[in-house]
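I have placed the structure first, in the form of structure tokens, so that the comments after it can refer back to it.
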Amino acid sequence: MMKKYSVAPNQDASAWIVKLEDVAPAEEFNAKDDAIAKAEEMAKENSPSKLSVLDKEHNVTHEERF
């Protein structure tokens, strides 16, 4: 079964949150790039997986499969 990871800003966009499925946030980062790097690492370790990066409106801006 494919795991789904996401990187999205928090409510006031002061931090970026890495989540697995719709479970409680896994980790929080101040920088978007740091959050994406961690999410990619987690997704690669748990292949097959999909990583979605979302903007403030929670629209998918980027998607990758591992």
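Positions are given from 1, in the same order as the sequence printed here.
Taking CG of Asn10 as the start and CG of Asp12 as the end, the distance is 5.0 Å to the nearest 0.5 Å. Of the inter-residue distances, the one linking Asn46 atom CG with Met1 atom CE reads 12.0 Å to the nearest 0.5 angstrom. Expressed to the nearest 0.5 Å, how far CD of Glu40 lies from OH of Tyr5 amounts to 12.5 Å. Here the straight-line distance linking atom NE2 of His62 with atom CG of Asp55 works out to 13.5 Å at 0.5 Å rounding. The structure places CD of Glu63 at 9.5 Å from NZ of Lys4, a figure rounded to the nearest 0.5 Å.
Placement of Leu51 and Leu54 in two distinct hydrophobic clusters is found when ILVMFWY residues are connected by side-chain heavy-atom separations under 4.5 Å, directly or transitively. Following chains of ILVMFWY side-chain contacts shorter than 4.5 Å, one can reach Trp16 starting from Met42, so the two form part of one hydrophobic cluster.
In this structure, Ser49 contributes its side chain and Ala43 its backbone to a donor-acceptor pair below 3.5 Å. Side-chain atoms of Ser47 come within 3.5 Å of backbone atoms of Phe66 as a donor-acceptor pair (strictly under, hydrogens ignored). With hydrogens and angles ignored, the 3.5 Å screen pairs no side-chain donor or acceptor of Glu27 with any backbone N or O of Val18. Judged by distance alone, with hydrogens and angles left aside, the side-chain atoms of Ser52 form no donor-acceptor pair with the main-chain N or O of Ser6 at under 3.5 Å.
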>> For Val60 and Val53: C-alpha separation, side-chain torsions, deciding distance, then whether side-chain contact (heavy atoms from CB on, under 4.5 Å) applies.
In response: CA-CA 6 Å; Val60 174; Val53 179; over 6 Å; no
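The side-chain heavy atoms of Arg65 and Met2, taken from C-beta on, include a pair separated by under 4.5 Å. The closest side-chain heavy-atom distance from Glu64 to Lys50 is not below 4.5 Å.
In the displayed structure, Glu45 atom CD is contacted under 6.0 Å by more than 12 heavy atoms of other residues, nucleotides or ligands. By the 6.0 Å contact criterion, CG on Asn30 is open, its count of non-hydrogen atoms from other residues, nucleotides or ligands being 12 or less.
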